[in-house]
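Numbers for residues simply follow the sequence, beginning at 1. Side chains included, hydrogens not; waters and symmetry mates left out as well; all remaining heavy atoms used.
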Amino acid sequence: MKIYKTDEIKNIALIGSKGSGKTTLAESMLFESGVIKRRGSIDGGNTVSDYFPVEKEYGYSVFSTVFNAEFNGKKLNMVDCPGADDFTGNTYTALGVCDTGVIVVNSEYGVEVGTQNIFRVTNKLKKPVVFCLNRMDGEKVDYDNLLEQLREHFGQNVMPVQYPLDAGANFHSMIDVLLMKKYEWGPEGGVPKVSDIPADQLDKAQEMHDALLEAAASNDEELMEKYFSDEALTEEEIRRGLRKGLIDRKIYPVFIVSAQKDMGVRRMMEFLGNICPSPSEVPGPETTSGKEVKPDSNGPLSIFVFKTSVEPHIGEVSYFKVMSGTLKAGDDLENITRGGKERLAQIFTVSGQIRNAADQLEAGDLGAAVKLKDVRTGNTLDAKGCDYQFDFIKYPAPRYIRAIKPLSESDSEKLMGILTRMHEEDPTILVEQSKELKQTLVKGQGEFHLRTLKWRVENNDKLPIEFIEPKIPYRETITKAARADYRHKKQSGGSGQFGEVHLIIEPYTEGMPEPDSYKFGSQEYKLNVRDKQEIPLDWGGKLVVYNCIVGGAIDARFIPAIVKGLMDRMEQGPLTGSYARDVRVMIYDGKMHPVDSNEISFRLAGRNAFSQAFKQANPKILEPVYDVEVITPADTMGDVMKDVNGRRGIIMDQDSEGGIPKLNAKVPLKEMSSYATSLSSITGGRGSFSMQFSSYELVPGDVQDKLLKEYAETQEED
């Protein structure tokens, strides 16, 4: 295989909504470059991209697929990403290591919410964008309307490079306004017949050609001066202007294809090879120490592992990008992230399951290695003397949570091993063993996402599992001051147990004055603070404890035991067993016995005195509330708002983004359990949402009564 220099490499992410035809497009690109001799189909289950069992079972992409095509002296590394919103993590990964995003649009459906969401990711990551209008031969295609939609949502930087002579079922020819040529295909597509533009199309084509050239020239002062002086721009100058416009996101070129019939694919590949930036022409990623690293083949050797997967008949495959230097087969590298050394005995270029051994890969290239000892997604491997470490791919927060457990308790450890491996393959799958909820939680991007995970565990790993509703991490607190005392006394022969604690509790807020005196009924309690402890709680809020003991009623050595008793109840609140927070406790009196008093006695006395006082202090349950952003088509906004209101949500405001309505609301986590499924049903799969923790708020009285009743029933059962 030819060794490609950095400036001959183009890294491209194929992204787009579900059903836009990315996998079919990838097949045609591989066919055009000669990697495969015959194009597969999704219905036939024989495509290069979708080769995992779960993908064949469901008929959609679950994992991103890395492939490459050598075309016109350039190496096009491409990452074909799943279109379903639940698998959006693949898009973040692909755009992290690629320099251009090709957003594939189903021409029959136009700009979908998924298209808009993906564009937002490219905008966030500042990646160049090329639009590919696929299925131009669909029955309902209206090209002019499509172009209008693109400009409405993404602005006037949308620049058509081609337009069809006849969109729809009769699509078989187009005008390329960059090359000013007509392209025409036979029924089987493939290599087009290229001819001059017909006379009746010349004026339209010339107008679009001039607009494209002006857009290209406007990105370079020298070119702009030449263009407006009516001097002809050379082919290389046009490419330079378009490339700069792409990099600066001032031009979004639009191509038209029928991937299924292999029409227009070859021409788009020419553009990707000639115009799209190479890794050296875009800003380099920064190391964790903030140093920008440009892809220099003569620099220190460093590779970044952006994807790992366990693949049929092979085992673990690690996909990497050469960040700097030149990687050769047999190189020894140090895993900077995890420690340890790795020998890359063989390195490969890949196209799905097709692997070709490579002698070396230069900076900016993508490759793979198999069966490395201890390498995970996100690891950096460096040659001796290099200290680069990368962590530039940031994933969206999870939107769907389920508790998971094996049908047989004895398989718990095995399940954790499987889930850990799945997280390494897909970093948007998060696994948490919650001490608070006493559940193993698996978090993903949607119900679809976790349903796919379940299929893989049960069918690939042969481990039956079940999902159950996750418990909600409520918090308990108090709203007024209260007093209680408790005597713990136990005698059973020999030394007994004795401890008595008197305390006052009240709500804690930052900056409140120090305790002085309290009145309960007709009795006033004046306090003399001797010591203060502020205990920040892992779950939020504080416990503040004052030692106000006078006259030696309780020896100072027993105070830590009392505090432990208080923490016992903070960790398992008196109302529902949830964590308690933001409580101030004043220990002001008590009694001890010269023989029977010990730490356990005062720990139990403190715990029970706290419980009694807590229940008298007008206790309240707090629930986690999330900021929820919903993007939905205008025709379903009313139903979405009604659904949010029905979930005890508070609508904060409405606006739009790129012409698509957006709703911002605050919704309790309890009510978000099935929201992903509900939103999909309401919007026909066109809606999307994100959520982020906002605050803890008081639950309504009827909800609190229900929670107290449910907790009491569980205690009776225990």
Side-chain angles (χ1 to χ4, degrees), residues 6 9-16 22 61-68 76-83 85-103 117-130 246-247 249 272 276-295 302-309 317-324 327 336-337 350 361 363-369 375-382 388-398 423-430 445 690:
T6 302
I9 296 167
K10 307 297 173 86
N11 296 322
I12 297 156
L14 292 184
I15 49 184
K22 297 178 300 299
S61 299
V62 171
F63 306 102
S64 61
T65 302
V66 181
F67 66 97
N68 73 89
L76 308 182
N77 288 318
M78 283 168 279
V79 185
D80 175 21
C81 298
D85 198 39
D86 284 25
F87 304 107
T88 188
N90 293 276
T91 299
Y92 281 81
T93 298
L95 288 172
V97 297
C98 293
D99 309 304
T100 303
V102 173
I103 299 181
N117 289 342
I118 286 166
F119 185 84
R120 290 168 71 197
V121 178
T122 67
N123 189 43
K124 179 180 177 181
L125 300 179
K126 299 178 181 176
K127 296 290 182 176
V129 164
V130 173
L246 267 173
I247 294 170
R249 289 177 61 88
L272 296 177
C276 287
S278 66
S280 59
E281 293 173 309
V282 295
E286 291 186 351
T287 65
T288 52
S289 62
K291 179 181 179 179
E292 181 183 356
V293 176
K294 297 291 281 186
S302 178
I303 69 173
F304 175 74
V305 178
F306 64 87
K307 168 182 163 71
T308 57
S309 65
V317 180
S318 302
Y319 296 87
F320 58 80
K321 181 175 185 178
V322 183
M323 308 302 292
S324 173
L327 177 68
I336 299 297
T337 313
V350 294
L361 297 172
D365 213 343
L366 307 185
V375 173
R376 304 287 182 267
T377 301
N379 287 183
T380 305
L381 278 64
D382 290 348
Y388 294 160
Q389 184 172 349
F390 298 96
D391 182 25
F392 53 83
I393 301 177
K394 306 300 180 186
Y395 294 98
H423 167 70
E424 290 163 5
E425 293 179 357
D426 179 357
T428 61
I429 293 173
L430 302 181
Q445 293 299 304
S690 61

Rounded to the nearest 0.5 angstrom, the SG-CG distance for Cys98 and Asn77 is 7.5 Å
Where do Thr93 and Ser64 land on the side-chain contact (heavy atoms from CB on, under 4.5 Å) test, with the steps shown first?
-> CA-CA 9 Å; Thr93 298; Ser64 61; 5.6 Å; no
Measure the shortest side-chain to side-chain distance between Phe390 and Met323 over non-hydrogen atoms and say whether it is less than 4.5 angstrom.
-> yes
Between Tyr92 and Val121, what is the shortest heavy-atom contact and its length?
-> OH-CG2, 3.7 Å
Stepwise, does the side-chain contact (heavy atoms from CB on, under 4.5 Å) test hold for Asn379 with Thr308?
-> CA-CA 10 Å; Asn379 287 183; Thr308 57; over 6 Å; no
So do Val293 and Thr287 actually touch side chain to side chain, heavy atoms under 4.5 Å?
-> yes
Does Ser690 reach the side chain of Pro396, with side-chain heavy atoms less than 4.5 Å apart?
-> no
Val305 and Arg376: CA distance, side-chain angles, deciding distance, side-chain contact (heavy atoms from CB on, under 4.5 Å) verdict = CA-CA 7 Å; Val305 178; Arg376 304 287 182 267; over 6 Å; no
Nearest 0.5 Å, what's the CG-OG1 distance between Asn90 and Thr428?
-> 7.0 Å
Separation of Thr100 OG1 from Leu14 CG (nearest 0.5 Å) = 11.0 Å
Of all the heavy-atom pairs spanning Gly101 and Leu95, show the shortest one and how long it is.
-> CA-CD2, 4.1 Å
Is the closest side-chain heavy-atom distance between Asp382 and Ser302 below 4.5 Å?
-> yes
Distance-minimising heavy-atom pair for Gly378 and Phe304 = O-CE1, 3.5 Å
Heavy-atom side-chain contact between Val130 and Leu246 under 4.5 Å = yes
Provide the closest heavy-atom pair for Ile15 versus Cys81 in the form atom of the first, atom of the second, distance.
-> CG2-SG, 3.9 Å
Residue pair Asn117 / Thr88, side-chain heavy-atom distance below 4.5 Å = no
What's the spacing between Phe67 CZ and Leu76 CG if we round to 0.5 Å?
-> 9.0 Å
Side-chain donor or acceptor of Lys294 paired with backbone N/O of Val282 under 3.5 Å | yes
To the nearest 0.5 Å, how far apart are NZ in Lys321 and CZ in Phe306?
-> 9.0 Å
Closest non-hydrogen atom pair between Pro82 and Thr91, with its separation = O-OG1, 4.4 Å
Distance (rounded to the nearest 0.5 Å) between Lys307 NZ and Ile393 CD1 = 11.5 Å
Tell me, do Tyr388 and Ser324 make a side-chain contact under 4.5 Å, heavy atoms counted?
-> yes
Taking atom types as modelled, is there a side-chain donor on Arg249 or Thr122 under 3.5 Å from an acceptor on the other?
-> yes
Are side-chain heavy atoms of Leu430 and Tyr395 found at a separation under 4.5 Å?
-> no
Hey, is the main chain of Pro279 close enough, under 3.5 Å, to the side chain of Asn11 for a donor-acceptor pair?
-> no
Residue among Leu366, Asp365, Thr380, Leu361 satisfying side chain to side chain contact (heavy atoms under 4.5 Å, CB included) with Phe320 | Leu361
Do Lys394 side-chain atoms and Asp391 backbone N/O form a donor-acceptor pair below 3.5 Å?
-> yes
Before giving the answer on side-chain contact (heavy atoms from CB on, under 4.5 Å), spell out for Lys10 and Leu272 the whole-Å C-alpha distance, their side-chain angles and the decisive distance to 0.1 Å.
-> CA-CA 8 Å; Lys10 307 297 173 86; Leu272 296 177; 6.0 Å; no
What's the shortest heavy-atom distance between Phe392 and Gly96, and which atoms?
-> CE1-O, 3.3 Å
